[in-house]
Amino acid sequence: MESVQKTITYLKTLLRNYQYQYYVINEPEIPDVEYDRLMETLRKLETENPNLLTQDSPTQCVGGASLSGIFKQVNHKIPMLSLDTVSDENGYLAFHQRLKKRLNLSRDITLCCELKLDGLAVSLLYINGSLVRASTRGDGLIGEDITANIRTIGIIPKYLIGNNIPAYLEVRGEVFMSHSGFKKINQAAYRDGNKIFSNPRNAASGSLRNLDPCITAKRPLTFMCYGLGFFKGRSMPCSHIACLQYFKAWGLPVSDYTRLCYSSEEVIKFYHNTEINRPFFGFDIDGIVIKVDDLELQRKIGSSAHAPRWAVAFKFLAQEAITRLNNVEFQVGRTGVITPVAQLEPIRIAGVLVSRATLHNMYEIDRLGLKIGDNVVIRRAGDVIPQIISVVKSNINSNLVLKSITVPKKCPGCGSEIKFISGEAATRCTGGLSCPAQRKSAIRHFTSRKALNINGIGKTIIDQLVDKGYINNPADLFMLTIDQLTSLEGIGQKSAQNIIDALSISKKTTFTRFIYALGISKIGLVTAENLASHFVTLNSLLSADLNTLSSVRGIGRAAAHYLKEFLNDVNNREIIRVLVVEVGIYW
Ligand code: I6G
């Protein structure tokens, strides 16, 4: 018992310190996954030993105290509570059961399901339709006055429009930053030597709790309403969803994704669908929020000191985990761009074993301050390639010697010179198609599923074919013989014939796939489709000038330039001729 008490005291001190770093000075020292893990451990110990639970425990507090003395204080007329969380279906079903028991209803309860945005909760006060004050949640009872900063966020109306607006209306919601906005401000910060933010949430928080509104104004912040606070002077509807609809009619931003559910099965379906859509929202969410929709029932159920009992946050499985960076390998892509790839101590994240992560470019390594041997936070979101989010600064294993990462001076594929392309923060091999690594990548791209979709020819086969000198470009694939294929490791007569057959089948394709398969810089499937429908024939594409190319939808100046350069190259034109005239690719 004594040792449990000691662990609880230790965890409380640790978590209070992290909460201060996170909520007050906005400089978290540990990643969110680590914080959540410690909080969960403390919560579990307190549940198992209820006599050791105290009101001042971090598990019982909403979060941040105020950055005292800097912003004016605001008393919340109705406390801005936190949310209880569940992290699996059983946890959710237990919440659902509790609701039914408390309400003693035989019919199903109508629930309102919303996205749980990963931002900062704020309260907006409108008096007679004008925005007069905005504040942070703070400790739930007292927040900070951030009106001047909130006024710089374009999407938040300074004046409400429409009818029946209560004279006094408090609206609550979340301020957050999109992935594209985050990327933009970090690129600018890197260029100007300013502070780099570790994630969109910190960027939003740092931008909002900033003493100079002119700085906030330059930050791409956005906002979404999630609920009603105190109001006076007019009645409001009696359901949560209707309140959100009123907000929308008054010009406030609300999510179109919100849905009503009428059973626990529907809620769980909504949860899984949202998880599938998660990588495509363009902003961070960490779960869904489920609320009893009827405001009268909400009042009946009530709240604890720190969270309403009528709502719960159903969090997604952690998509982040901590592991060690073992090495960084430099890969040469089909256009010669050299990309650092992290080799990791394999780790399971949301059920998938991850051993590699993209690092994009050297700027990313600099931004993260990454060294070989570091413990790093890895995020895996849906089908997207895993990414390194941050370095765990408090590396406990401190007797490990960390090694700096250096960009190779020559191309790792062919030894040619390397050129830095400043506009793209990329490093490129100058060897062109004489670089075997580029040739391999270009051929791999040509055979890939979205390109000519040639089954049975993977990376290892292409590597061997290039290394043996059997192929140098995509057109050579079609000249391969059974003897050449069976001379490769692991290829028998039958597999060789299957490859020949697959190559033959792939000759019938579409103009879009053909353009995409050429692997031109900045020409993805969508731009290839635009080019195909604009030019219709190969000859008109080949003879287009720079102005015509850049007039095509989705083709910017950089893409038009790469396209023209590619199509002007005599070697490329010859490969295209062989593919169409001699191999007989058609669409
Ligand atoms: O912090 C929150 C985020 C999102 C919330 C919330 C929410 O709904 C989508 N809803 C409530 C009721 C509370 N906090 C207290």
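Values in this document were obtained by computation on a predicted structure and should not be read as measured data. For this chain, numbers begin at 1 and follow the sequence in order. Every number for a ligand or one of its atoms is a count from 1 in the order of the listing.
- Two residues are said to be in side-chain contact when any heavy atoms from C-beta on lie closer than 4.5 Å; Leu252 and Val171 meet this criterion.
- The minimum heavy-atom distance between Leu81 and Arg137, with the atom names listed, is O-NH1, 2.8 Å.
- No part of Met80 comes within 4.0 Å of ligand 1, judged by heavy-atom distances.
- By the 30° and 60° cut-offs, the orientation of the rings of Phe283 relative to Phe281 is parallel.
- In this structure, the side chains of Glu114 and Tyr226 come closer than 4.5 Å at one or more pairs of heavy atoms.
- Taking every heavy atom of Leu115 and a limit of under 4.0 angstrom, the matching atoms of ligand 1 come to 9 (C).
- Ligand 1 places these atoms under 4.0 Å from at least one heavy atom of Val289: 4 (C), 7 (C), 8 (O), 9 (C).
- Looking at heavy atoms from C-beta onward, Val122 lies out of side-chain contact with Ser135 at the 4.5 angstrom threshold.
- Nearest protein neighbour of atom 9 (C) of ligand 1, counting heavy atoms only, is Glu114 OE1, 3.3 Å.
- With a 4.0 Å heavy-atom cut-off, ligand 1 is reached by no atom of Leu117.
- Of the protein's non-hydrogen atoms, Lys291 NZ, 2.9 Å is the one closest to atom 8 (O) of ligand 1.
- Between Arg43 and Glu46, no side-chain nitrogen of the basic residue sits less than 4.0 Å from a carboxylate oxygen of the acidic one, so the salt-bridge criterion is not met.
- Of all non-hydrogen atoms in Leu325 and Ala342, the two that sit nearest each other are CD1-CB, 3.5 Å.
- Taking atom 15 (C) of ligand 1 as the reference point, the nearest protein heavy-atom neighbour is Leu81 O, 3.4 Å.
- Scanning all protein heavy atoms for the shortest distance to atom 4 (C) of ligand 1 gives Tyr226 CD2, 3.6 Å.
- Under 4.0 Å from ligand 1, the heavy atoms of Glu174 that appear belong solely to its side chain.
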